[in-house]
Structure formats: structure tokens, C-alpha cells
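Each remark here refers to the structure printed beneath this line.
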Amino acid sequence: MGTDNKYAALNEMQRRAVFQTEGPVLILAGAGSGKTRVLTHRMAYLIEEIMVPSYHILAITFTNKAAKEMKERVEKLIGDPAREAWISTFHSACIRILRRHCSLLGYTDGFTIYDPEDQKNVIRRLLREMNINEKMFTPRSVLGAISHAKDELVTPSRYDEIAKGDLFKEKVAVLYHRYQKALLENQAMDFDDIIAKTVALFEQNPEILEYYQEKFRYIMVDEYQDTNTAQYRLIRLLANKYENLCVVGDDDQSIYRFRGANIRNILDFEKDYQDACVIRLEENYRSTQTILDAANAVIAHNVGRKSKTLWTQNETGDPIRVYEAYNEEEEANYVAEQIIQKVSGKTRRYIDMAILFRTNAQSRALEERMIMANIPYRLYGGTPFYQRMEIKDILCYLRLIANDKDYVAAERILNVPKRGIGTVTVEKLRSFAVEQSYGITEAIEQSVLSEELRRASKKLSPVGELFTAFRGQAQDVSLTEFIPLIMEKVGYKDYLREEDPERYEDRIQNLDEFVNRAAEYEETAPEPSLGGFLEELALVAAIDSFEEGADAVSMMTLHSAKGLEFPVVFMTGMEDGIFPGYMSLTSGDEEDIEEERRLCYVGITRAQKELYMTYAKIRRVHGLEQISKVSQFMREIPMDLLEEEVGKMEQKEEGPVRKFVKTPEVHFQNRYVGKNVAPPVSQPGGPGEGFAPGDLVTHRKFGLGTVKEVQSVNADYQVKVNFVKVGEKTLFAKLAGIKKVEE
Ligand SMILES: Nc1ncnc2c1ncn2[C@@H]1O[C@H](COP(=O)(O)OP(=O)(O)OP(=O)(O)O)[C@@H](O)[C@H]1O
Ligand SMILES: [Mg+2]
């Protein structure tokens with residue numbers, strides 16, 4: 001392969017960045033401008049042309065997937081000679097270094113990496129030793145504070161000083177000392193230690209640092225805008241001797257502030273390295289003009305950013321397709337239809353398409369639709385919905401309630417949450433039940449009669465009683481009430497909080513989504529029952545995910561999509577309260593919205609040719625239908641870039657109407673910011689005024705709701721309304737002053 005060819009496929013500024021191999025280089029540029037491409041070519045150039053042995057090269061990326069891709073690309077460019085370059089994430093590079101030198105940090109024989117569960121166990125023991133009530137100082141908050149300190153390279157002794165005068169921090173300071181001591185005693189490190197300890201290793205051992213400075217003469221960092229203080233310091237140390245440091249990033253794509261990423265690291269690069277060569281790339285090679293215009297329009301709403309111009313020679317392309325779905329199922333349906341159309345029309349393969357969403361819980365409706373429609377998909381950076389631990393646990397409760405002989409389900413949940421029932425007991429109980437042809441509850445009731453189980457029967461019998469009670473209640477309440485009731489009775493939420501505080505919120509969202517699924521089932525099934533529900537789920541829950549590299553649609557959160565690109569992108573759940581998220585809308589901190597907006601910019605700029613944005617008019621939250629308003633980010637995109645796809649409902653009832661395009665700002669009353677915006681309300685009792693199921697209504701006290709049932713009683717209507725805030729109420733419409741919301 002001719003060298004010239006390789007670098008001729010770069011523009012002038014990109015070539016400059018590639019050829020500028022010595023000294024500090026900052027490439028600050030918008031999405032799709034070829035930053036990552038510059039890094040791969042730069043490595044090729046260093047090895048092939050400057051004859052730098054590949055072991056002198058360190059390239060850092062943000063995710064394992066990105067590291068893998070980067071490696072492949074470099075190997076594609078120059079093949080084997082790239083073999084000894086370190087192309088990896090911060091964590092894997094640091095683990096490699098620590099494995100060799102940890103004895104200098106007081107670790108005798110290697111070290112264990114603690115996961116959040118292990119960390120929590122240590123903290124709980126320390127809290128007990130110090131007679132501190134876990135309710136006052138939760139392991140979660142203590143670990144959060146320690147983790148944050150480590151990101152900022154704040155040592156226990158420095159934390160002592162910072163903590164003075166703050167009751168919580170003073171306690172954390174004591175715990176922080178003891179926690180580090182305990183980790184060392186256990187020969188363990190937690191995740192944050194890995195970076196912080198490497199920094200400490202270098203700072204305390206100049207000769208080791210020098211060895212790595214000599215080794216890594218050429219350092220490159222992708223996505224530099226998302227580095228935190230510890231990572232920043234690490235790079236600073238390593239690059240100190242040769243200063244052959246090339247960092248690339250985009251301040252508009254900084255999306256990890258919540259994990260301590262510091263946008264200043266990129267903005268201050270020129271101050272840190274006085275003679276830095278700064279290169280700006282302005283041409284976007286990835287997206288159509290339309291997609292780029294939309295991205296630029298959205299990000300322009302952030303104040304205090306380094307303004308950048310990004311242009312493209314690419315064609316105008318299609319308008320951004322906007323689709324208003326009735327609810328999340330219909331949204332998923334629409335996405336599936338579009339995918340099928342493209343694949344059957346042979347214009348795209350599955351692998352060309354990606355579905356993005358803000359939170360993991362949103363994947364449920366989408367995954368289910370893909371399975372039903374026989375569309376192969378791969379979920380990145382997450383577990384398929386029905387394989388998530390919390391969903392499986394609750395499903396197993398339901399299965400065992402429905403069928404006392406579901407031994408598999410029993411095995412999973414007899415000791416979840418922890419009840420001191422060991423695996424041996426579970427196994428004995430199972431064989432006893434099978435032998436006697438008992439159900440699990442029956443077997444528990446009879447366990448005193450079994451030689452083997454007599455001793456365990458004390459621990460088992462409350463579980464048996466629990467299930468007997470559940471079976472009684474299953475008849476009386478709806479599934480949407482029953483699932484939360486199970487969780488409450490077994491203390492499942494506390495268990496999750498304890499298990500893994502970091503993932504708690506996410507798991508609760510998934511469980512809420514599961515309740516939503518139950519609500520959907522109950523609304524659609526002619527005769528809803530627990531058994532029927534489980535049967536329906538069995539169809540989708542058993543599907544295995546598809547193998548790596550197969551032709552499949554990619555599904556992932558916006559965060560995991562960073563750095564990637566796809567010909568077709570679906571951004572789903574474009575609603576205020578979802579994206580931007582509820583927390584950022586209500587925190588009152590404009591910085592939170594700006595971070596979400598950067599995430600939106602990341603999402604839009606993943607698309608090469610076609611971008612879809614979809615939102616649901618009604619979304620279920622905690623099993624209740626709530627009315628949503630189209631995302632403020634979508635409203636920031638100029639109308640002429642958008643084209644509204646007409647939904648099935650409108651076609652049938654009113655003919656094609658472009659509701660969104662015409663009246664975006666008054667479209668829907670938002671469930672969260674609704675307090676500030678009064679919905680347009682019709683006059684009560686007007687001609688032909690009545691109520692029908694599905695109508696949106698407001699009530700002075702209860703706020704917004706959806707009509708479920710209507711009965712005409714004398715001169716008034718008796719309506720059953722599902723209110724966003726308070727749930728279902730049955731009221732006399734006129735008497736209660738219920739008003740219909742005009743759409
Ligand atoms: N000079 C060029 N000629 C042709 N294609 C290019 C050129 N530069 C970049 N590309 C292509 O443009 C796309 C975007 O490049 P790349 O992923 O490197 O951008 P990026 O700046 O890293 O984007 P992001 O900010 O999203 O990480 C890739 O498909 C890349 O191959
Ligand atoms: Mg990139």
C-alpha cells in the first residue's frame with residue numbers, strides 16, 4: 001500500500017495534525033470531523049514513517065469497544081508493526097502497570113479488584129465497628145463521597161482538612177482512612193483506586209515514572225473532554241518528559257460531568273502546555289447538511305462554549321423525520337416498521353441502523369417490538385431487558401406464585417433478598433419437593449417431617465407463609481398493584497439499594513418499566529390473569545441475544561454511542577422529563593440541562609444519512625399513563641429541517657395534520673413542568689361537550705388525567721379518570737368541574 005495514498009485521504013488540517021508528531025498537540029473539533037481518524041493515522045505515520053517502535057506508543061480511548069475499533073483500524077492501516085502499541089482504556093492501561101509494580105505500594109502478591117458489592121461490605125463492617133447507624137450514613141453515600149475524593153486525587157489526610165466543620169464529611173474522613181487501610185489489609189483496590197494508585201506510584205517513585213516516560217514517548221488521548229482530575233494528572237505525569245502528547249476532543253461532547261469529568265482539562269490545555277499546537281478541524285465528513293444543521297442549532301443554545309463552526313460538503317440529505325406516537329408501544333412499532341421497510345427495500349442492512357435512548361429502561365418496549373417483528377438486534381453496554389437481574393428476580397416471584405412447582409424459579413429467589421437460606425438447603429428442599437411431588441410451599445410446610453430439612457425449617461417457614469399470602473392476594477388485586485406489593489413485602493428495594501447502590505436508580509427504573517408492561521397487558525388482554533401475563537412474557541423473555549458481528553440493529557443509550565456512527569439513527573423518547581431528564585429539568589441548575597443538551601448533540605451527530613426523532617404522547621410511568629410534551633431539544637431545531645411523519649391515528653381520524661410542526665410549544669401539557677404552563681382548556685358544558693375514554697382532562701386539585709370510563713348519570717357524567725398525580729378517581733364530571741383539554 002502506497003504511503004501517499006493513506007495520507008492523501010486526509011484534509012490539510014488533518015494531515016498537519018498527523019505530521020506534527022513532536023510536542024503537545026490539541027485537536028479541538030466538533031463531531032465527525034475526523035479526530036479519531038487523525039489518531040489512527042498518526043499512529044500509522046509514527047510507526048511507518050518516523051520509524052517509532054510501536055512499544056513507544058500509548059493511545060487511550062474511553063470504552064473497550066472504542067479501543068477495540070481503534071486497534072483494528074490501525075492494524076488495517078499498517079498491519080503487524082502496530083502490535084506492541086498500547087491501545088486501551090485508562091483502566092486497563094493502569095491495571096497493567098499496577099500488576100508489575102504494586103509491591104511498591106505495599107501490595108505483596110498481586111491484588112484483587114473490588115466491585116461495588118465488596119466495597120459496600122467493607123464500609124458496612126467499618127460502620128458497625130464505629131457504632132454508626134447505617135440509616136444515618138448509608139454505605140452508598142459514604143462510598144460516593146470517597147469515590148469523588150479519589151477522582152479528585154484527594155487523599156485521606158487532605159480530606160481531613162477539607163472535612164473540618166462538616167459533620168458528614170468529618171465522619172467520611174475517618175471512614176476514608178479506615179477504608180483504605182482495610183483494602184490494603186485485604187490486598188484489594190476499588191475501581192477508582194486503579195487510576196489514583198497509578199498516579200501515587202508515579203509520584204512516589206520517580207524512577208518508575210521515568211521508565212514509563214521513556215516507554216511511552218508518544219501519547220495520544222481520544223475523548224479528552226471526558227477525563228477527570230485523576231486521569232488528567234496521570235497523563236500530565238507521563239507526558240512530562242517528552243511532551244509528545246496529542247489530545248483530541250470536543251467540549252460540546254462532554255457528557256460525564258456526573259462522574260467527575262472536568263471540561264476544563266481540554267479548555268486549559270493551551271495553558272498547561274505553553275507551546276501547544278492547536279488544530280481545529282471544521283469539516284464534518286460524517287453527516288448530511290441537514291443533520292449537521294440540526295446539531296449546530298441545538299448546541300448553539302448552550303452558553304459559555306467555545307464557538308465552533310462545522311460545515312460539510314455532504315449533500316443536504318433527507319429532512320429529519322419526526323414521529324409522534326400515541327404511546328411507547330406505538331413508538332416502538334413505528335421504529336420497527338421503518339427498519340423492516342428499509343431492509344426489505346434493500347436500501348439498508350440491519351447493521352446500518354441504531355436505536356438510541358436516554359435511559360436503559362426505555363429499551364424494554366423497543367426490544368420487545370424487535371423480537372416480535374423478528375428484527376435481529378444487539379444491545380450494547382447493557383443487558384437485554386428480560387435478562388436483567390431485577391426483572392428476572394421479580395419474574396421468578398411471579399412464576400412461583402403462579403406455579404408452586406416452578407422449582408427453577410424457587411431456586412433463584414428463595415434466598416433473594418438474603419434470608420440466610422443456603423444453597424445446600426435450597427437443593428435439599430428441591431429434592432424433597434420433587435420426591436414427594438410437592439410444590440415448594442407445600443414442601444416447606446412439610447419440612448419439619450424431613451430429617452434433612454428439620455433444622456432449616458425455621459428459616460424456611462416464613463417464606464412459605466409469604467407465598468401462601470401472595471397467592472391469596474393475587475386474586476384480589478391487579479397486576480400493577482401486585483408487583484409493587486411483592487417488592488414491598490419482601491423488602492426488595494432495600495435489597496437492591498444494599499446490593500449495588502450505584503445501579504439502584506437504574507434498577508428501579510427497570511422495575512417501573514416492568515410494572516408498565518403489566519399495565520399494558522391488563523389494558524389489552526380480554527381476561528387478564530397472572531398466568532396469561534407470564535405466558536405472554538415467556539415468548540419474549542426466552543430470546544437470546546445475537547452473536548457479535550452479526551447483521552443486527554444496534555441498540556444503546558446515548559452515552560454508549562459516543563464516538564460511533566451509523567447511516568440511520570433513531571433517537572427515541574424525545575420528551576421533556578425523559579430527555580432532558582426529569583432530574584435536570586427540576587434541579588434548577590442550568591448546567592444540568594446543558595449537559596443533557598450536549599448529550600443530544602452527541603446523539604444527533606451519530607447519524608450519517610438519516611435521522612429519526614420519535615416521541616410518545618403518552619408514556620407509562622409507575623404503571624400510570626402520563627402525558628408528555630415533546631422535548632425542548634427538538635423544539636430547538638429549525639422547523640424547515642423537520643418533516644413530520646403522520647401517525648396512524650391521525651390518518652384515520654383527521655387526515656394528515658402536522659401538529660408538531662404547526663404548534664410545537666402548546667402541543668402537550670408536560671407532567672413535570674406542567675406547573676408553569678397552563679393547558680388550553682375548553683369551556684365546560686359547551687355544545688356537544690361530553691367525555692369519552694382516552695380524553696385528556698384537568699381537575700382543579702388533581703391536575704391532569706386520562707378518562708378511563710364514562711357513565712351517564714342524570715344530567716351529569718360519572719367518569720373514572722386516571723390522574724397523573726393521584727391515580728384513579730371516580731367523579732361526577734360537572735360537579736367536580738372536570739374540564740377537557742383541547743389538543
Ligand atoms: N478526510 C476525510 N476524508 C474522508 N472521510 C473522512 C475524513 N476524515 C474523516 N472521515 C470520516 O468521517 C467519519 C467521522 O470521523 P471520526 O469518527 O474520526 O470523527 P470524530 O471527530 O472522531 O467524531 P466524534 O466526535 O463523533 O468522535 C468517519 O467515517 C471517517 O472515516
Ligand atoms: Mg471520535
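Indexing begins at 1, ligand by ligand and atom by atom, following the structure's order. Because the structure is predicted, anything quoted here is derived from the model rather than measured.
Ala29 does not count as a contact of ligand 1, since none of its heavy atoms falls under 4.0 Å from the ligand. The shell of residues lying under 4.0 angstrom from ligand 1, judged by heavy atoms, excludes Asp250.
Atom 1 (N) of ligand 1 has as its closest protein heavy atom Gln14 OE1, 2.8 Å. Protein heavy atom nearest atom 11 (C) of ligand 1, with residue, atom name and distance: Tyr285 CB, 3.8 Å. Closest to atom 31 (O) of ligand 1 among all protein heavy atoms lies Arg37 NH1, 3.0 Å. In this structure, the protein non-hydrogen atom closest to atom 14 (C) of ligand 1 is Glu565 OE1, 3.4 Å. For atom 23 (O) of ligand 1, the nearest protein heavy atom (residue, atom name, distance) is Gly32 N, 2.9 Å. Among all non-hydrogen protein atoms, the one lying nearest atom 17 (O) of ligand 1 is Arg286 NH2, 3.0 Å. The single protein non-hydrogen atom nearest to atom 20 (P) of ligand 1 is Lys35 N, 3.5 Å, given as residue, atom name and distance. Nearest non-hydrogen protein atom to atom 16 (P) of ligand 1 is Gly34 CA, 3.7 Å.
Counting heavy atoms under 4.0 Å from ligand 1, residue Thr36 touches it through both backbone and side chain. Using a 4.0 Å cut-off between heavy atoms, Glu283 makes no contact with ligand 1 at all. Residue-level proximity to ligand 1 for Lys562 is absent, since no heavy atom of it falls below 4.0 angstrom. Here Ala9 has backbone heavy atoms under 4.0 Å from ligand 1, and that is the only part of it that gets that close.
Counted by atom type alone, Ser254 and Arg305 present zero donor-acceptor pairs between their side chains at under 3.5 Å. Using a 3.5 Å distance cut-off with no hydrogens or angles, the side chains of Asn284 and Ser33 do not pair a donor with an acceptor.
Here Tyr612 and Tyr323 keep their ring centres 6.0 angstrom or further from each other. Phe633 has its ring centre no less than 6.0 Å from the ring centre of His301.
For the pair Gly563 and ligand 1, the shortest N or O to N or O distance does not fall below 3.5 Å.
A 6.0 Å sphere centred on OH of Tyr285 holds more than 12 heavy atoms belonging to other residues, nucleotides or ligands. Open room surrounds CZ on Arg503; 12 or fewer heavy atoms of other groups in view lie less than 6.0 Å from it. Environment of NE2 in His559: crowded, with over 12 heavy atoms of neighbouring residues, nucleotides or ligands closer than 6.0 Å. Other residues, nucleotides and ligands contribute more than 12 heavy atoms inside 6.0 Å of the NZ atom of Lys197.
A cation-pi arrangement is found for Lys562 relative to Phe62, the charged atom lying closer than 6.0 Å to the ring centre and inside a 45° cone about the ring normal. Cation-pi geometry between Arg236 and Tyr273 is satisfied (NZ or CZ under 6.0 Å from the ring centre, within 45° of the ring normal).
Listed by number with element, the atoms of ligand 1 under 4.0 Å from a non-hydrogen atom of Leu10 are 1 (N). Applying the 4.0 Å criterion to heavy atoms of Asn11 picks out, from ligand 1, the atoms 1 (N). The Arg606 neighbourhood of ligand 1 comprises atoms 26 (O), with distances under 4.0 Å to a heavy atom of that residue.
Between Lys241 and Glu214 the shortest side-chain heavy-atom distance falls below 4.5 Å.
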